[in-house]
Every structure is written in C-alpha cells, then in structure tokens.
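Comments concern the structure below.
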Amino acid sequence: MIIGLLFYGIILSFLALFVRKKYNFLRWIIFSFYIFLTLFLTITIGKDSTYFETFNLISILNFDLSLNFRITPLGWLFTLFTTLLLFLTSIFSIVKNKNEDAERLINFFWFILIISNTGLFLADDLFTLFIFWELIGISSYFVISPGWVSSFRAVNYYFIFSIICSFFMFSGIMILYEGTGTFSIQKNVLYFISLFENSPLNAIFVAISLIIGFFVKSALFPFHIWPAQAHAKAPDDFSSVLSGIIIKYGLYRTILFFIPLFLFIKEYPVNHIMVNNIPLFSHILAWSGAITSIIATFLAIESNDMKKLAAYSTVANMGYITTALFSLSSFGIAGAIFHTINHAIFKTAIFLSIAAVKYRTHETQMHKLGGMAYKMPVTFLTFLLAIISAAGIPPLNGYVSKWMIYQGLLSSKFPFLTLAIFLSSTGAFMYLFRALHSIFLGQLPEKFDNVKEVPFLMQIPMYILMFLMVSIGIFPQFVINLINSVLTSYNISNINIKNSMIFSPLSGIDSVKVFLAFTGSFILAFILYLIGKPRKHVQPLDTYTAGQDPADFNLTRELYHFAYKFYGPFEHMFDSFRTDTKEFYDSIERKINEIGGYFRDFQSGSIRGTIYTFMLSFVLIIIYWWLL
Amino acid sequence: MNQKELIEYIKNNFKGIENIKSIDEKQFSITVQKERIINILSFLKLSNFKELALITAVDWIKEEKIEVVYILFSYEYEQQLIVKTYIDRQEPSIESIKNLWEIATMYERDVHEFFGIDFIGNDDKRPLILHNWKDIPPLRKDFDSLKYSNTIFGKFKKDKE
Amino acid sequence: MMNNYIVRFLIGSLTSIILGLLYMGIGRKFIARIRRCYAGPFYQSFIDVIKLFSKHSISHHWIMDFGIMMGFSGIIATVIFLPIGNFYVFPDMKGNLIIIMYFMTIGYLGMAMGVSASGNPNSPIGIGRALALMIGYEIPFALAVILLIFANGSSLLYNIIQTQQGSIYNWNLLKYPFAFIGTIIALQGMLGEQPFDAMIAPAEIASGPMVELSGKFLGFGFLQHASQIFLETGIITAMFLGGGTIIGFFTKQLFLYLLTLSIASVFPRFRFEDGVKFFWTIPTSFVLFQLILFLIKR
Amino acid sequence: MELYSTKKLKDEGFEQILNFFRKKSLWMLHYCTGCGAVELPPTMTSRWDMERFGMGPMATPRQADLLLITGYLSLKSLKRVIYTYEQMQNPKWVIALGSCPINGGIYYDSYSVINRLALYIPVDLSIEGCMPRPEAIIEGFIKLMKQIENGEAVGYKKYQENYKWYKQNQDSVLKREFPVLSGEEK
Amino acid sequence: MNYNTTVLLIIIPILSSFLVYMPVGLIKKSFKIIFLATILFNLLFSLKIFSVVLKYGNLITIIGNYHPPFGINLVSSFFSILFLIALYIVFLISAIIFIFKNDTKNNQQKISSVLLLYLASFSEIILTGDLFNLFVFFEIFSISNIIIISLKNEKFSLKGSIKYLLISSIGSALLLFAIGYIYAILGTLNLAEIALNFEKISFFSKCFIIFFLMGSILSELEVFPFNLWISDSYAGAKNFVNILLSGISCVVSLYIFIRMFFTIFNYPSISLYSYNFPLDIKLLLLTFFSLSIIVNQLVALTSKNIKRILAFSSAATISTILFALTSGTKSGFSSAILLIISTIISKPLLFLSSHQITKGKMEKNLDSFKNGINRKRYFSILFIVSAIFFTGFPLTPAFFGKLMLFYTYASKLNYYTYFIIVIIFSITVEFFYYFRMIHKLFIKDETERENKNIKNNLSISYFVSGLTMISILIIFFIFPNIYEKVITKMSEEIFNQKEYIQTILKLGEK
C-alpha cells in the first residue's frame, strides 16, 4: 500500500507537469491533495510494526535489490509530523506560487521530495534508504535553485556536502552488506555492533562514513554554513520545509544506527574508553552539538537577513538535539525526539510568517522592515507564539522538550554541556526578540503603509500551527505517549506520566498547572488594567523627542526605526576571534581550482613538452616500482 | 613685535588707513574704506592675525551710517586688532569674506539677520536665532523693542487697564 | 480543590506585590540614608503605584497594552512557583528551578514587546542592552543552579531547602561560599541595579524601555519591578540561605536587597558590553572554581 | 483675565481621595529652561531634600506630573515647552519660577522673550524672586500640595476647557504672518 | 571449432577502402553507398558469427593453413565478438553523422577510406590471436586516429594530432621492443603460446614484458601522465570524430589491456615474487590509476571548454574502469564491464548532444550552455538523460557498476579498502560538474538577443542517431537483466585462461 502511494505520487508529479501556466494553482492543489493522502494513510496504518511490504526491483549479479518498507514506531512518528508540516506548507504555497516564474519545475521536484520523504522514513533496508536519500539530495538541490543564476553559488556547498555524505554512506552500506549479506536494517545494526569486537578498524571506518552524513545533513560544526546560504536563496515556502524537515534526515539515520550501538556499549563497556559512563565517541558528538549551537547562536545574533537568522537558529536547535541525543539518558533521548518535533513545528511557523512578510513586502533585510504587526496581525501572532516556544518559554511547546533535555543532561551529570545549552538558549532569546522587534514592531516605514494581511488561504496553516503549539504546550502527554512507544522499541526506560504530570529523576512538572498559573496571573494583570484610568490612542510618531517636534527636523518613520546592528557593541566583543568558515571552504575551492588549472595548462603545453613528460613519467614509474 | 612696531609696520605698508588708535597695550584699532577691506584683511591674515574673532556692526542712525567691525586676534603678537569700515545705512552691502575665513558665513548670517546688511557672495540668508521674524532687523536703532514687546506679548496689560 | 488553588494563587501573588513594594520603600529610605537625606515614608512606593494608576495614560497600539500586561503576568506566574517561606501555591510542584528560570524570560519578553511597540527608538536600545546583559548574568546564575542541582540530586527548591535546615552551618552559603559571591553579583545584574543599569540609564536613553510608559503602564512597570525583587531575592534565599519560616524568609530577602542597594549606591554605571565581559569573567570564575571543587570532591 | 473660577472646576468625591495620593508623590519633569535650573539640584539632594515629600525628577514628560518652568522663555523654547506640556498626562501641574514668566521680568522689553507664561499654558503656581532660593521652592511645592489636596490645582482642566483661547494666544505669538511694528493690527 | 570466414570482417573493409576511389558506374557519390554497405556488412556478419559462437563456443580462423603456433589465427570468443558488435554500432552511428551531415564536401571520399581502414584495424585488433598481427593493426589504428583528429585543420586539432602521433609512435616502438624480446625468449608470438609458458620465464624478464606492453597502450588508455594529447585533440576534432574517439579508441585499448592482463599474464594469480625486490603489482597499479583518476577529474572540473570537460571525464571513467580491473576479482571485473557499457553508449551521446546545444555559439565553453532548455529542447533532454546515465544515477548500469566497485573493495576489508575514498572524491567531483552543466541549461541567458529567427534546423542524422542511442539506454534501464547474463558469461570466459589456450593450441595439434 505504501508502494502504491509512492507509485501514485510519481504519476501525479508527471501529471502536474502538464497543467498549463494559467491554472497553476490547480497544480499546487493536486500537490497538497497528495500530501493529505499520505497524511491520512500514515494515520490509518497506525504504529503496528508488523506491516511489511516489498517491491522487487531487479536481482542481478548476486544482488537482489528490492524496495521494502516497514512501519517502525520511530519511522511512523517522523513520517507523521513531517507530512503534517509539509501539508501545511503546501497549503501556504498554493497562493504563494501563483506568479513564480519557474514554479512548474519546483512543483515537480517538490513532489519527488515528498515521495522520498515518506519512502526514507518507512524504509526497511539500507538500499531503499540510500535510493531515497539520493533522490532527496538531488530534488532539494533543484528546488532551491531552479534556474536562478545567483542561487547556484549558494547551493554548491549544500550539493557537494550531500553527495560526499551519500557516497560515504554508500561505502559504509557496502561494507555492512559484505558482512551480513542482506541490506535489512535490523541485521545490519546488530552486525555493526558486533563489528566493534572483531575488526575495530573497519567498524570505525563504517562509523565515520555514517557519522559524516549525520554531520553534513544536520549542519553540525564544520558544515554549519550551508543552511544559511541555501535558505537565503531558496523559495520562501521551501525554506520552511528545508529547515523544518530536510535537516532532520541525518538525525533519523543516526538514531537508527548509533543509539543502539552506544546503548549496547553503555551496558557492556568491554574495551571502550568510558567518560562518566557513556562512550567517549558519543561524548565527542554531544560536545560537537553544544559547540555548534553556541557558534550558530552568535552567528544568528549578527545576521541582518531574517531568513539567515532563522537558518542559524535551526542550526542551533539541531545542536541542542544532538547534545541531548548523545547524552544517552532516557530523558535525553526522549527530549531530543520531542524537541525535533517541536522544533519542526515552531520553525515552520517562523518561516511561514517570514514568507508571508516577504510575500507582501518583497524585502528580507530586517532594518528595512518594521511595524508589520500593525498591518499583519495574524502573521505577527504566529511569529510571537513561535518565538515564545522557540525560546522555550513555559506556556508553549518549546519548554517541555527543553525541560526534558535539561533533565536528561543534569541527571547524567554533564555540568558544562548544560551550561553550553543554557548559554545558547538565552542567546536564542536575544536574536529571536531582535527579529520580532525589527520586523513586526517599531515604526512602520511609509512605503509599507498599504500592506495588507496575507490572503486567507495562507492564514490557515498559521492558525493550525498556533493551535498545535499551544495544545502540545499544555497537554504534552499525547506526544510523550508516542515517544514512549519509540523508546520501548529501543528498550530504553519510558518516561512515566500521570495525566499531564511528567516525573523525572530530578523533578516533576505539570504543564496544565503551568498554564493555569500563567492565565491566572494574566487575569490578575487584566483586572489591574481595568482599574487604571482608560488609555488614549496616540499616533506612532507622537513620542518623546526631548521637546523637538519631529516635523521640524523632517524625521520619517523609516529613519525612526532602530533595527540596524541591534547588538552592535555586543558583536564587537567577538571581533578578535571571528573565523569565517565560509572563507575556509572558499579557500579550499580556490586551491582545487588552482591545482586543476595547473594540470590543465600542463596539458595544453607545447608538443616538445609532451614528449619529455612522456619519457620522464615512464622513467618515474620504473623508479617507483624500484622503490616499492 | 610689540604694538608700536605693528602700528608703524601697518601705517607705511598700507594706504587708505585712517586713524590707527591703540586702545590699550593689547588692543588697537584701524578704520579702512569699504573697498579696501578685502585685501587688508587678507594681508592681516597672512601676517599671522590668524583668527577672526567676531564680525559685528553698529548702527549710527544720525550719520546715516552703519559701522561694520571685524575683530582679529594674533596668537604670536598677542594683539587684538579691530578693523572698522563705514557703509551707507539705506542699502547696506559689503563684500563677504566667506572665502578668507570659513566661520565668516555664520557671523555674516547673524549680522544680516540683526542689522539687515547684505553680504555680497554669502547667499546663506536663512534665519538663525529669531523665530518667524517679519519686522525690520531688531538691532537697528529705529526699531522700538518696548513697543514690539507690548504689542505682541503685552496683551494681558491691556486687559488689566 | 479549584477555589483552594485560587486562594493560594491570590496569597502567592499579592504577598509578592505587597512585599516587593515594601522592600522598594525600605530600599529607598536606605539609599537616602547613605546620601544623608530622609527619603519619604517606607510606604512611598504604595503611594506612587496608586498615583500612577490614577493618572491617564497613552498607548501607541493594543500590542503595547498586551505586552505590558504579559510582562507583569509573567513575573507573577514565576512567583507562583517560588517557595514563600514554607508555603507553596502548587503543593505537588514545589518550586522547580528550571521552570522558574524560564518563566522569568516571559516577564522580559512581555515588557520588551510592549515597549518596542511604542515606536520610540530609546526603548529597543534599552531592551537590546537588557538582553545582552541578561546573557551576561545568566551564566554565573546557571552555573550556581547546576552546582546546587548536582549537590542535592534534585532540581526542586523544596529539596534544596530541606538540606539546609538545622543550624546555620549547613546553609549553602557556608558550604559553597564562592558560588554565593558569584550569585550575589549576578543578582546585581538581574535586578538592574547601579553598576549594571545601562538599560534604564535616565541620562543616556531617557530611562530606556520606560520612556513611553505613562500612567498605569508605568504602574505595571513598578509592580513588575517590585515582584521581580521579591522573586530574585526569594530564589537566592532559597538556594543559599535556606529559606526558613515566613518571617525568616522575608528578613533574609530584605537583607539581600539592601546588600545589592548598598553596592549599587557606590558604583558608577558599566557600559553594557563591559558589563557582559565583567559577568563572564569575575563571577563566572568564582562559581566555576566552586563547581570544580565540588566535582573533585565528589 | 479670570477666565475660570476655581470653584466651577473643583475636583469632587473620588478624585479628592486620589488627590491625597497624587499630592504625596509628585514627579517633577527634569526640564530646565531658564536660569532657575541651578536652584534645583540643592532642592533635590540632601541639603533641602524634596524627596521627603515623595517628589523626584523624571526623565520623560510621559512619566511626570509636574512641569517646572525655571526662568524666562524665549519664543523657540516656548514652542518646546508647549509640545512637552501636551505630552504629559492629566492630572498635570505647572510651576513657574522667578518673575520672568509672570511679567517678563528684566526682559520686559525684549523682542523675543514672552512677558506672561499664563497666556500660553495654565500656570498653577508662580514663585516670585529673581530665582527663588530652594527654601522658597520647597515652600511653593508645599503650597501646591495643599492646592492639590483641596482640589484647586486644576490648571490642566482649565487648559482643556479654554483650549481654543490658549491655542489662539500661542498662534498669535508663534505663527505671525504680518510684521508687528508696521502698524496694521493683525 | 574452426571457422575461417571471420577473416572477411577485416578484408572487406580494407578492400572497400580502396574501392571507394573508383567511381562505380554513373553514380557520382558512389563511395557513400560502398562505405555504408561495408559497415552494414560487417555489423550483420559479426551478428552471424555471434550466433555461431553461441552454439559452438570459441571459434578459431586459421589463415593460410598454418596451424596456430606458427601461423596467424583469429580468435572470436564470446567476449571479443560482443565487444566488436558494440563498437560496430557506435561506428555506424558516427558514420551516419559523417555521411549525411558533413559539409566539407570535397574530401569526404578520402575520409571515408581512412574510416574504413580504421574499421578494419580495430576489428582485427579485437579478433587477433597473434601478437605481431596485433602490433601491425595497432599501428594502422593509431595512424587513422591521427588523420581523423587532424581533419578540422585548425590550431587545436593539428597540435593534438601531432602530439598523438608522437606519443603513439613511442608507444608502438615500445610494443615492438616487447615483441622482439618475447620472441627472443619464448620463440613464439602466438598469444595462447605466450600465455601457456609465461610462468616459466625469469622474474626480471616478466617485469620487462609487462612494462613494455603496458607502456604502449597506456597512452591510448588516457592515463594521466600519458594523456597529454587529449585536451587538444578532443577540443579540435570534428563532432563525429569525437564520437569515434570517445566511443571506440578508448574501448579498444581497454580490450587490449584486459586481453593482455587476464589471458596472457593470468593477472589474479600472477606470481611476481623474487627475493630482493618483491613487487606488489596490484598496489602499484592502484596508486597509479587513482592518481590518474584524481588528476583527470580535477582538470575536467576546472576546464571551461565543453569538449575538454567531456574528454577528461571519459579519461577519468576509463581510469576508474582500470581501477576496478586491478582488483582482479569477478565482481571487480563485472563492475568494469558495466562501466564500459555505460561509457560506450552515453559518452558519444554526450558529445553529440553537447555539440548540438552549442551549435550556434562562438566559443564552446560553459556559458554557451545557457538557456539550452528552451533553445534546443530535444538535445538538452538528450544531454540530461545521458549525463544521468553516465554519472550513475540509481538503477542505471553505471550505478550498478559503482555498486559492484564498492562491493569489491569492501569485501576484502584489507588496506586496499581505503582506496574507496579516491572513488568517492571522483564521484563527487563528477556529480558536481555534470550538475553544473545541467544547471546551466536552465539558467536564463541575458546576453542572448531574443531573435526568434534562428530556425531550429534539426538535422535528421543527429536526430536519428540521438534517438537510437536513447532507446538503447532506456532498454538497458528497463530490462537490466539483459546485461546480467552477458556479464556472468564474460567473466567466466575471461577468468579461465586454460580454456582459451586449449581452444587455440589443441586445435593446433589436431
């Protein structure tokens, strides 16, 4: 039935290609209908992991390559929330893509992306995983840069990184395949664990080949530059998919492979170096997550483009998730998975509101915007709620997962990791407020006076996302039950919940009481507000300007909006050790071009030169043979 | 060079300089015809009377004359030189010394506002200190400040009587 | 059960407001005494608040009203989770430290959103300074929190207080003196007192965020500051001075507040980036030293 | 020139109770116009300590109740005083220090200094003296507090009632179209 | 089994290459008919031989009734005939392009005769069983190559052809030297005979032979230090010549390499051990080929001219094939064959479509690809599909080739495994510049003047040849198990040297 779904998707994607430009909203309706179908099916199939399906492609040269799918609780959970968010973004993009120029191509590749998204999460064997992984790499590449010259520069790092990681994974799979003889994930994971005993050298090679994919796809420390580039240029609604969903694939695969491995080593630490009873390798990964989150936070504080800011905040959140994941405590892992879901939700909300602002104002530089809240209240509310939950502030969904991450880290005694996470989450609050202020509050520039709210069809996903954030914030137990089912599948101890009261080794919280406390105090504030004398509405420019009438020194509302270099002095603190990793990759690229250029001129040298080189190289081979 | 040598030096280097008077051992004044004002000032600037302290004017209503006063100062000689010229009161106009000293534009703008002197070459005629002024320049002798104050600010006095 | 919570909620919030204002009044008299003059009666801040609520006010947009209210309610909601003496509003959630730390940010976010909707550039400059300072003093405070959680194996203030019962010698103040010093300096930043009050610098940015707050909005600002004093001093008494019975708890809070005021009245103002640098070097090294000592000992 | 009778605009009932609190915490706008500003620091600090009466300097007109005009007002500074006064919130009071705001003082015949402040903004209390000493200022504050207590300090209501008259006076001075001395009356 | 008619495959082309000059009857353009007739004859006849081979296994043709160890004989085994058929198809396609489209009307006659010689030479190389015979036709092969390259008589092609001339002449000199040496030691020149008693000769002479034989064909194989002629000759050659070069000449040298290494030296179990300097030939070859892969890919990445990029990418693929062959295992060999199949089909197609896309443009660099999608829609799609097939998108033959390659190096799990990183680097670079080219097709070209009047003169020959190639690719994509049977059969045949020797020598004694 899954294969029927995928096959049907492929047909639809080709069908959608032939819809004429005039009815292009029809193309996007087909698109969102298909995602709704996948969403509906994932819910109806449910979590029973006995559901198995196979589709035999070909069997040649003693390889029997077939796409087979199985519903694992983890896969099901990831499919559920990714398809839900994709569905919301597709509703948003029906209206947005009315007059895009290359939208026929975007639609086609986005279709393939959806198909491979479900395929990847429900894949049962490594070969299917690799096929869909490759498809995602290629299609997301083409959606980000459909024919715009400028965006090729932005995407080339993303493209190179994803190819490197997919082919390293390919070699890893091959080594595992040679060992187990089949591609199926369960057997290979067990073999992978046993590999560490008998041939550690190759085990490390396979581990590295899988870890590189994780590092690249979830944009951890050395590879943290591609999201900012890719997001700035990607079409706006796709960047919410890019940072909401595509960045999670690396994480999914790591959970498949490395969590069972590290848990196994945790129980039987035969000859592994253990650092406060977790393997050294997972300790390094946790630290890489922490470092990424700190670096990404400070980069986000400096960025002036709102999409770059959101991209860096995604990288920071991925940093939290990796740290929590590799702290290997039950709360840590549950918190990581819960934070992935929460992060997907509030990040899609942030990106959709940014896309709405860009749809209306065609402007991404934050200091040129301002005062959008007065004109676009719904977008402002979504952005506000998304910021509250992104900063982990209690009534909304961000805080539950952040609290669980803290419980996980503290209960397994990681003082400095918790400090790093705490530093980056306060930093998150800094740049998120900056975005809220410079885009939505402050002074509305004159040129945006006639900006209207986005059409209703674009507002539906915003309402749904707001509802999601609030409901998960108040009643997290529904999602935690799902996560518990995932934890049991990896036989990690579950989180005990007694109707909305979550107990952890350190302390318990009851999110309903938290919400009650907040509403109670809000009512108290409202009563006080009514006691005071009624307030009078005043024009935006009527502010305290030390007695000088603004009209005198021709002050326009645009000049009066303070948003450029919001944390200027704070940034100067880090001037001394500011290394630009993009500069580092550019230098590598230049070096490669240089070497290539050297060889190229070498080729087109004079005729006499060729003969000398020919003879010389021949002699060199003999010498080389002699040395060997 | 003390003051006497300075006075000698100026007397025999320049013609068209009327009464040179030394006010006290640190100050002395000269009066010059209107036409020669520019080259005298530029000469004085070269012989290190570097600083133009002030430009102001005095309204001699009886002689129908307005006296334009330039006060120069020299750090080297520690002497203050007051250069005076007399111009006609009806259409008072004099060459602007904007390109000798940058600051002169501001002083000339102020003197123009308060005395109505038209400085040729300095077209910056915007009001500087007075607010929304429509009358004749206030520091002219024929301007009756009390009457002005009573008419515009003194409304309460009339109600009292 | 429902009205029981409402009553407990009212007790919790009103005590924080009243006592907060009381501390402010006593504080003002204390500072006046240092300056050799007699400030108004100790109930002066009550009068100020009532006067403010009696004045008319202006607002630039409904977001400004919503923001100020949210700010105030955020702080009140945090106080709900604070152990006042040995009274807890929610008996089964006895003062979870991490929740308190995150709830405080609602107060900041609400106030920040409200004032930045006012359109005056002074307020976002002030808020930017406040947030940058926040990332400064959060580090030593977080380190102290981590240290105590490791020491007591639980992040509930209730357990932290239990371990400090009995005589004065087993107060955390004496067990971890350096951590206490670091936290006191962090408290100085949290309350926005003199060395770190770049955010509401009246001379430079016309009292920063509060520039457009008139009448009852300024009243909300006052109440928020008052309950913030109560909250922050309350947390530190619970963490380090073993919050005793109701009276003991209040006197310790007052002692802490007057300590910060005495520091405040003798120090000029930091530029906020130097403030952040200061926070990341001196108090953090104190608490770090204590943490390392603790880790070695364990 | 008695345009208003304090009786008609007197505060009654609930406002009277609030006045008790308003009296005890008067916040002064730190806006020093003329030469009287130098008198204020001693009144604020420990020598005469106006904080005893709950009074304190405030940075912005929004937060202040009391506007202190300390000395003569030229036309340009009058424009700013009016703009700040309108930014303050009711109930608000104005105290004029020195004789210049009353009758122009030593600048009675100047072409740019206004002779009587009361024409342009309602003045609740004037303290004479060519810059009254801090004791006189404190005395003035106490007198204003008494006025507020029995509800007579109602300058702001007067401004609202006779807003047109005040506006006309202000325009006559600030927005003149015709020369003054050329004889024809505007 | 004795089957003498295969020699016709060689004689007919040589004969017709002279016939072309004599005008047959009144038809003025008679040489065209003769030219096409010979090619078709060769193709059909080789198909017939293939059916016979299927029935009776290897076929031997004895020339002049001198039995193998003495006389020259042709061996048409399953592996060689299939190679021949594939090359004939590519030759046919390039011939169609050459005949119908070619504008240099006057010397078409001369070129067709050279092409026919070219045809004869490479069919003989593949079929021959005798080393000297191989040398002779190798000479003809390289000379005809030179002539074809220099057709366009402008700077690049002349320079390239001269370079090629020099290098191949040195190579053939080395080959001659090796033949002399072998004849001196073993006394025979028959491949089977040499293979039979290759073990006996001393270690030093074995190394001597290997190096000199290898040296001769390395220049053809476009391995790095010896492929200096590629950049000029490919850039300068005419379009149909490029197809020939990329399709046939590399593959022929590959065939020689396989034939030599696997049948003569019996590569996997070669014993090259001697006391004082143990030679691990596998490591030597691996490092040598990986160096050439990296360099070729780098040059392809950085060069701007389309033809040069495609040339160096084909050079890199051939070094990858060699890299796979040196693993010496069955799966390594099958991955090599898979990659060969994908190069034979998609590489000419790439050249063809890229030529068409950049037809109107002055200089043939990357920017001329701009806005290809709506300028030459058909050929851009052709280019994209062939690029995808060449780079090994999942489920294409090249992908399975790479799958096998990874498998070969993963299975042994010894220190050779770490050579995979070279392959990964080469794949990434390859993906990068191919996708850069595809991406350029979609980019809107600002400089292009919107003159709609460039009539899209779709030359039929290009259209037809493109269509045939695409259909072959699609067939291979849909029915992958066609080439599965072929590969298994080939690897069996290659890997048992004994059976090859028996068919020749036994027949000889009988």
Side-chain angles (χ1 to χ4, degrees), chain A residues 373-374 384 388 391-394 399 402-403 406 410 413 415 418-419 422-423 426-427 429-430 433-434 436-437 441-443 501 506-510 513-514 516-518 520-522 524-526 528-529 531-533 535-538 540-541 543-544 546 560-562 566-567 569-570 572-573, chain C residues 9 13 53-61 63 65 69-70 72-73 76-77 80-81 90 92-93 96 98-99 102-103 105-106 109 112-113 116-121 124-125 128 131-132 134-135 138-139 142-143 146 149-150 154-156 206 211-212 215-216 219-220 272-273 276-277 291 295:
Chain A
Y374 317 137
L384 179 66
I388 290 175
I393 297 177
Y399 97 95
K402 270 220 171 113
W403 176 74
Y406 280 117
L410 286 171
K413 294 288 187 286
T418 356
L419 181 69
F422 201 84
L423 171 68
T426 9
F429 184 61
M430 263 175 85
F433 173 73
R434 184 225 171 132
L436 180 79
H437 162 68
L441 301 170
Q443 295 290 350
M501 179 80 183
L506 296 173
S507 67
I509 54 155
D510 178 349
K513 284 202 176 56
V514 163
L516 280 179
F518 185 69
S521 48
F522 197 81
L524 182 72
F526 192 67
L528 275 176
Y529 178 78
I531 291 168
K533 284 261 186 318
R535 63 137 176 95
K536 176 157 65 67
H537 183 73
V538 167
L541 262 185
T543 56
Y544 166 66
Y560 210 32
H561 180 54
F562 167 74
F566 196 78
Y567 296 111
F570 186 74
H572 291 321
M573 276 168 62
Chain C
F9 171 78
S13 48
F53 273 93
S54 76
K55 271 177 79 74
H56 287 276
S57 54
I58 58 104
S59 136
H60 291 266
H61 197 267
I63 295 172
D65 315 6
M69 277 196 284
M70 190 173 133
F72 173 68
S73 61
I76 294 295
I80 302 301
F81 292 102
F90 289 117
D92 51 6
M93 270 171 71
N96 185 326
I98 297 170
I99 290 288
Y102 266 95
F103 244 110
T105 36
I106 288 194
L109 176 73
M113 185 175 74
S116 90
S118 72
N120 192 326
I125 297 171
L131 290 180
M134 192 171 107
I135 205 167
E138 283 290 333
I139 302 306
L143 263 176
I146 293 166
I149 290 176
F150 275 10
S154 134
S155 76
L156 286 180
V211 73
E212 284 301 321
K216 60 184 174 193
F220 273 114
F272 80 96
E273 64 269 20
V276 174
K277 274 202 201 89
L291 185 66
L295 288 178

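Labels below follow one simple rule: chain letters A, B, ... track the order of the sequence lines, proteins then strands, and each chain is numbered from 1.
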Segment of F522(A) engaging chain C (4.5 angstrom heavy-atom cut-off): both

Side chains of K277(C) and M573(A), heavy atoms from C-beta outward: is any pair under 4.5 Å? yes

Side chains of S521(A) and S73(C): donor-acceptor distance under 3.5 Å anywhere? no

Using non-hydrogen atoms and a 4.5 Å limit, figure out which bit of I63(C) sits close to chain A: side chain, backbone, both or neither. side chain

Based on non-hydrogen pairs under 4.5 Å, which of K55(C), H56(C), M70(C) is most in contact with chain A? H56(C)

Hey, can you tell me if F422(A) and Y102(C) have their rings parallel, tilted or perpendicular (30° and 60° cut-offs)? perpendicular

Check the angle between the aromatic planes of F562(A) and F566(A) and answer parallel, tilted or perpendicular using the 30° and 60° thresholds. tilted

Is there a side-chain contact between V538(A) and E212(C), using heavy atoms and a 4.5 Å cut-off? no

Interchain contact, N120(C) with chain A, by part (heavy-atom threshold 4.5 Å): both

Which atom names give the shortest non-hydrogen contact between A117(C) and L441(A), and what distance separates them? CB-CD2, 3.9 Å

Does any heavy atom of chain A fall under 4.5 Å from the side chain of I149(C), the backbone, both, or neither of them? side chain

Under 4.5 Å from any heavy atom of chain A - which part of S13(C): side chain

Please classify the contact of I98(C) with chain A as side chain, backbone, both or neither, using a heavy-atom distance under 4.5 Å. side chain

For H437(A) and S116(C), the nearest pair of non-hydrogen atoms, with its separation, is ND1-CB, 3.4 Å

At a heavy-atom distance under 4.5 Å, which candidate from L524(A), L528(A), L436(A), I388(A) has the highest pair count against chain C? L528(A)

Side chain / backbone / both / neither for Y399(A) at chain C, heavy atoms under 4.5 Å: side chain

Winner by heavy-atom pair count (cut-off under 4.5 Å) against chain A, out of S57(C), G128(C), A112(C), S59(C): S59(C)

What part of L384(A) lies closer than 4.5 angstrom to a heavy atom of chain C: side chain, backbone, both or neither? side chain

At a 4.5 Å cut-off on heavy atoms, which part of F9(C) comes close to chain A: side chain, backbone, both, or neither? side chain

Heavy-atom pairs under 4.5 Å with chain A - which of G219(C), S54(C), A206(C) has more of them than the others? S54(C)

Select one option (side chain, backbone, both, neither) describing which atoms of L295(C) are under 4.5 Å from chain A's heavy atoms. side chain

cation_pi(K413(A), F150(C)) dist<6.0 Å, angle<=45: yes

Whatever's closer than 4.5 Å to a heavy atom in chain C on A391(A) counts as backbone

Would you call the rings of F220(C) and F53(C) parallel, tilted or perpendicular if under 30° counts as parallel and over 60° as perpendicular? perpendicular

In terms of heavy-atom proximity below 4.5 Å to chain A, should I139(C) be classed as side chain, backbone, both, or neither? both

Leading residue by heavy atom contact count with chain C [cutoff under 4.5 Å; candidates Y567(A), F429(A), F570(A)]: F429(A)

What residue in I80(C), I76(C), I99(C), L131(C) has the most heavy-atom pairs under 4.5 Å with chain A? L131(C)

Check whether the side chains of T543(A) and Y560(A) place a donor and an acceptor atom closer than 3.5 Å, and report yes or no. yes

Answer whether the closest heavy-atom distance between the side chains of D65(C) and R535(A) falls below 4.5 Å. yes

Most contact-rich option vs chain C, by heavy-atom pairs under 4.5 angstrom, among F526(A), W403(A), F433(A), is F433(A)

